[in-house]
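Encoded as structure tokens, the structure appears first; notes follow it.
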Protein chains: 2
Amino acid sequence: MTTLKEVAKLANVHPSVVSRVLNKDNTLNIKEETRTRINEAINELNYSPNSAARSLKTNQSRMIGMAIPDFNNPVYSSIIHGAEDHAAMEGYHLLVYSMKQKGLGKDFFSKLLKERIDGLLIATSDINNKHILSLNETKKPFVLVNRMIQDVENYVILDDERGGKLATKHLIDLGHRHIAHITGPLYTGTALKRFQGYREMLQEKNIPFEVKYVQESDYTMEGGYQSMEKLLELDSPPTAIFAANVMVAMGAIKAIHDNGFQVPADFSVIGIHDVFFASGLSPSLTTVDMPLYEMGSRAVAQLINAISERKLKFPGETIDGANLIPRESTRSLLDE
Amino acid sequence: MTTLKEVAKLANVHPSVVSRVLNKDNTLNIKEETRTRINEAINELNYSPNSAARSLKTNQSRMIGMAIPDFNNPVYSSIIHGAEDHAAMEGYHLLVYSMKQKGLGKDFFSKLLKERIDGLLIATSDINNKHILSLNETKKPFVLVNRMIQDVENYVILDDERGGKLATKHLIDLGHRHIAHITGPLYTGTALKRFQGYREMLQEKNIPFEVKYVQESDYTMEGGYQSMEKLLELDSPPTAIFAANVMVAMGAIKAIHDNGFQVPADFSVIGIHDVFFASGLSPSLTTVDMPLYEMGSRAVAQLINAISERKLKFPGETIDGANLIPRESTRSLLDE
DNA sequence: TTGTAGGCGTTATCAG
DNA sequence: CTGATAACGCCTACAA
């Protein structure tokens with residue numbers, strides 16, 4: 001490995017000058033000629049700075065951590081993608097940890113924050129609130145992604161309420177009046193807000209809200225399946241189902257099929273998040289596309305900003321934007 | 001941040017002793033009493049070593065890089081999961097980079113290898129062979145995961161041939177005799193070996209191989225759709241389709257439906273890789289489960305071994321194990 | 001505009 | 001068994 005010293009020797013200058021050129025320290029003046037000489041030496045020796053030495057000196061690693069529940073979740077894949085892009089753009093590296101990782105101690109993230117990374121994105125609810133608050137002791141910034149907890153302002157979230165409204169509106173526009181909602185776990189902000197959006201849209205359109213049409217699930221396929229079975233047992237079942245996410249929607253569709261019905265002939269189904277395989281399902285799934293990529297990107301932007309400004313707090317941010325992606329799983333009752 | 005020095009002061013020993021305790025250097029003897037005194041001090045001050053300083057001194061970052069094509073690919077999610085677990089077990093951190101990342105320069109990985117990481121897992125074919133060979137100049141080890149190229153022995157791959165055989169055998173066992181295969185891109189080792197497995201199993205069972213039943217795809221849903229349409233146009237279409245992966249299978253099923261046929265009533269479909277949503281499809285998809293997790297785990301094991309042994313080469317490894325997961329998308333022709 | 005010197009927090013090699 | 005010392009590669013006042 002070539003070092004800064006060797007570059008300096010080849011360029012016939014003192015190491016510190018090389019360092020200044022490297023760091024593009026604009027306040028300092030460097031003769032154009034020496035600058036080019038140094039750059040030539042850098043290229044000739046194919047030099048790149050040792051990041052450990054830099055970190056040691058500057059006390060910054062230019063790495064940020066990210067905690068996600070599971071790599072096998074396409075929602076988080078999109079968030080990661082946005083986060084990775086923005087991090088790369090700012091010269092940062094992203095260290096992603098899934099909560100499924102074996103041997104994840106309780107103080108894992110505070111240790112990580114202390115010894116390796118400059119900041120942390122928390123995009124999972126598997127870390128409990130006490131542990132999150134204890135991260136404050138590390139004096140390094142963190143950002144909650146797609147979730148909120150009390151007394152923490154540093155969050156970046158989506159407009160899930162709007163997502164819920166859009167989904168519900170689509171079904172209403174198609175002529176449905178008996179619309180069920182299979183929610184996510186109602187202790188999560190996302191599920192709650194989608195539910196609120198559902199209620200608001202019903203009210204806006206003067207459609208009575210009926211408790212029997214609401215089933216709480218756990219955001220899983222199995223949960224969606226069970227919830228749908230309960231809806232099918234009703235005396236007057238709904239004609240359309242708004243599923244809180246795509247896994248729930250898949251479970252619901254499975255239950256519908258298993259009970260001898262068809263989608264969308266007998267039931268229309270819509271889900272939140274336009275994951276990559278939504279169009280490949282049979283029937284293809286109508287979804288509401290949420291700006292997950294942007295959320296990841298913005299979260300990193302906020303975090304890097306906090307790092308460079310040495311601020312531990314910033315006002316929470318909600319990412320606007322939610323788009324209906326109509327496909328085959330929903331159908332109109334109007335032109336019959 | 002507390003440092004080793006402060007710990008030393010509190011424990012009334014010289015810093016170097018603390019360092020020895022920290023590194024569990026068994027060759028050196030340390031009085032039991034001082035050891036406990038030091039450990040107490042460590043706990044009291046909540047000390048954890050500065051990894052930058054360590055890296056600088058030892059020239060090891062305890063981080064390994066991993067290049068994947070895309071986070072939105074459940075196959076790689078499983079590989080990452082295995083890699084992450086094993087890395088954590090050995091005290092390493094995993095830095096995952098997708099090739100979809102913006103601003104990924106051609107020398108990205110060699111730079112990364114030079115300045116930050118101790119080794120690299122290459123699980124993508126987006127890096128061309130020249131660049132891979134040029135990584136040798138960094139004198140740090142790398143491992144090809146799920147792929148092979150000429151003149152590189154350091155690979156960890158699956159027994160894709162066995163996967164292809166299992167899939168084909170399943171269809172034959174169900175009584176099918178006209179079995180099509182929608183391959184992946186045949187310049188990839190995985191696609192080629194699945195194809196070979198298909199041919200071998202046909203031969204084993206004395207079923208004639210017919211070229212018209214083979215369609216090459218690009219491992220995508222669209223590719224699967226188009227390939228299936230061609231198969232449907234045949235004078236005597238197959239009764240079963242072995243799809244090289246799940247995305248292809250989904251595309252094929254979509255084409256079948258769009259042409260007014262049913263799965264499995266009219267066509268049986270099987271795909272490789274038991275991704276998390278296979279059971280949620282309608283009909284649920286019969287698959288061959290491949291040991292992706294193990295592949296990730298073994299690849300990291302090999303890499304870490306190469307790092308600690310300071311070897312740049314090791315013999316390639318093939319991970320055994322492939323399991324049929326029968327579901328609704330394949331049906332027997334025998335009991336009719 | 002460039003050179004000098006000190007130190008970031010560790011570890012490794014000595015000597016005691 | 002423990003202490004002293006130098007060095008890893010870089011950055012940053014400060015001096016020239």
Side-chain angles (χ1 to χ4, degrees), chain A residues 1-39 41-42 45-63 91 111 113-118 308, chain B residues 1-39 41-42 45-63 91 111 114-118 139-140 308 310:
Chain A
M1 292 293 91
T2 57
T3 72
L4 182 145
K5 260 188 194 168
E6 306 179 64
V7 174
K9 199 184 292 175
L10 182 62
N12 253 317
V13 288
H14 193 271
S16 58
V17 187
V18 179
S19 173
R20 281 181 282 238
V21 169
L22 238 50
N23 294 304
K24 303 224 166 70
D25 199 332
N26 330 346
T27 64
L28 272 318
N29 306 321
I30 287 165
K31 215 198 294 176
E32 199 48 41
E33 189 228 307
T34 41
R35 186 190 296 277
T36 51
R37 196 146 36 89
I38 288 172
N39 280 324
I42 287 174
L45 297 177
N46 189 19
Y47 166 79
S48 59
N50 177 314
S51 67
R54 263 194 178 164
S55 294
L56 180 58
K57 191 67 196 174
T58 63
N59 208 21
Q60 294 218 351
S61 65
R62 294 196 82 77
M63 298 204 301
K111 263 207 162 160
L113 216 38
K114 268 174 68 179
E115 63 179 52
R116 279 194 125 82
I117 63 181
D118 294 340
S308 40
Chain B
M1 291 295 91
T2 57
T3 72
L4 182 146
K5 263 186 194 168
E6 307 179 63
V7 174
K9 199 184 294 176
L10 182 63
N12 252 319
V13 288
H14 193 270
S16 56
V17 186
V18 179
S19 172
R20 280 182 283 238
V21 169
L22 238 49
N23 294 303
K24 304 223 166 67
D25 198 333
N26 332 346
T27 63
L28 273 317
N29 305 321
I30 289 165
K31 216 198 293 174
E32 199 48 40
E33 188 226 309
T34 41
R35 186 191 296 278
T36 52
R37 197 146 37 89
I38 289 172
N39 280 324
I42 287 174
L45 296 178
N46 188 22
Y47 165 80
S48 58
N50 178 314
S51 67
R54 265 197 176 162
S55 294
L56 179 59
K57 191 67 195 171
T58 62
N59 209 22
Q60 294 220 349
S61 64
R62 294 194 83 76
M63 297 204 302
K111 264 206 161 159
K114 270 173 68 180
E115 62 179 55
R116 258 177 209 281
I117 63 181
D118 295 338
K139 302 292 174 207
K140 294 206 187 165
S308 41
R310 289 200 178 65

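Each chain gets a letter, A, B and so on, in the order the sequences are listed, and its residues count up from 1. Predicted model only: the values in this text are computed from it and were never measured.
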* To do: Kindly say whether, by distance alone, the side chain of B/Lys57 makes a donor-acceptor pair under 3.5 Å with the base of D/dA7?
  => yes
* Asked: With A/Lys111, which residues qualify under side-chain contact (heavy atoms from CB on, under 4.5 Å), at least two apart?
  -> A/Asp107, B/Ser48
* Asked: With sequence neighbours left out, what residues match B/Ser308 under side chain to side chain donor-acceptor pair (under 3.5 Å)?
  -> none
* To do: Would you classify B/Leu56 as touching base, sugar-phosphate or nothing, given that sugar-phosphate means primed atoms plus P, OP1 and OP2, and contacts are heavy atoms under 4.0 Å?
  => base
* Can you find a side chain N or O atom of B/Arg54 that sits less than 4.0 Å from OP1 or OP2 on C/dT11? -> yes
* Structure fact -> Rounded to whole Å, the CD-P distance (A/Gln60 to D/dC10) equals 18 Å
* Sequence neighbours left out, what passes side chain to side chain donor-acceptor pair (under 3.5 Å) with A/Arg116? Give chain and number order. => none
* Asked: Rounded to the Å, how far apart are A/Glu115 CD and C/dT10 P?
  -> 10 Å
* Would you say A/Thr34 reaches C/dT1's phosphate, i.e. side-chain N/O to OP1/OP2 under 4.0 Å? -> no
* **Nucleotide of D/dC10, C/dT10, D/dC1 approaching A/Pro49 most closely (side-chain heavy atoms)** => D/dC10
* To do: Look at all strands and tell whether A/Ser19 reaches a base, only sugar-phosphate, or nothing, counting heavy atoms closer than 4.0 Å.
  => base
* Asked: By a strict heavy-atom criterion of less than 4.0 Å, which residues belonging to residues 8-17 of chain B are in contact with DNA chain D?
  -> B/Val13, B/His14, B/Ser16, B/Val17
* Structure fact -> Residues at least two apart in sequence or cross-chain that pass side chain to side chain donor-acceptor pair (under 3.5 Å) with B/Asn50, listed by chain then number, are none
* Structure fact -> NZ of B/Lys5 to NE2 of B/His14, rounded to nearest 0.5 Å, is 9.0 Å
* Asked: Below 4.0 angstrom from OP1 or OP2 of D/dC8, is there any side-chain N or O of B/Asn59?
  -> no
* Integer-rounded Å distance: C/dA12 P and B/Leu4 CG -> 12 Å
* **B/Arg116 CZ to D/dG9 C1', straight-line distance once rounded to whole Å** => 15 Å
* Asked: With distance as the sole criterion, do the side chain of A/Lys5 and the base of D/dG9 form a donor-acceptor contact below 3.5 Å?
  -> no
* Which comes earlier along DNA chain D counting from the 5' end, the contact point of B/Thr58 or that of B/Glu32, where each point is its nearest nucleotide? -> B/Glu32
* Round to the nearest Å and state the distance from A/Leu22 atom CG to D/dG9 atom P. => 15 Å
* Below 4.0 angstrom from OP1 or OP2 of C/dT11, is there any side-chain N or O of B/Asn23? -> yes
* With a 4.5 Å heavy-atom cut-off, do B/Val7 and B/Leu4 have their side chains touching? -> no
* Taking atom P of D/dC10 as reference, at what distance in whole Å does atom CD1 of A/Ile42 sit? -> 11 Å
* Asked: B/Glu32: what forms a side chain to side chain donor-acceptor pair (under 3.5 Å) with it, not counting sequence neighbours?
  -> none
* A/Met1 CE - D/dA7 C1' separation (whole Å) -> 19 Å
* Asked: Can you tell me how far CD1 of B/Ile38 sits from CZ of B/Arg20, rounded to the nearest 0.5 angstrom?
  -> 9.0 Å
* Atom CZ of B/Arg20 and atom P of C/dA12: how far apart are they, to the nearest Å? -> 11 Å
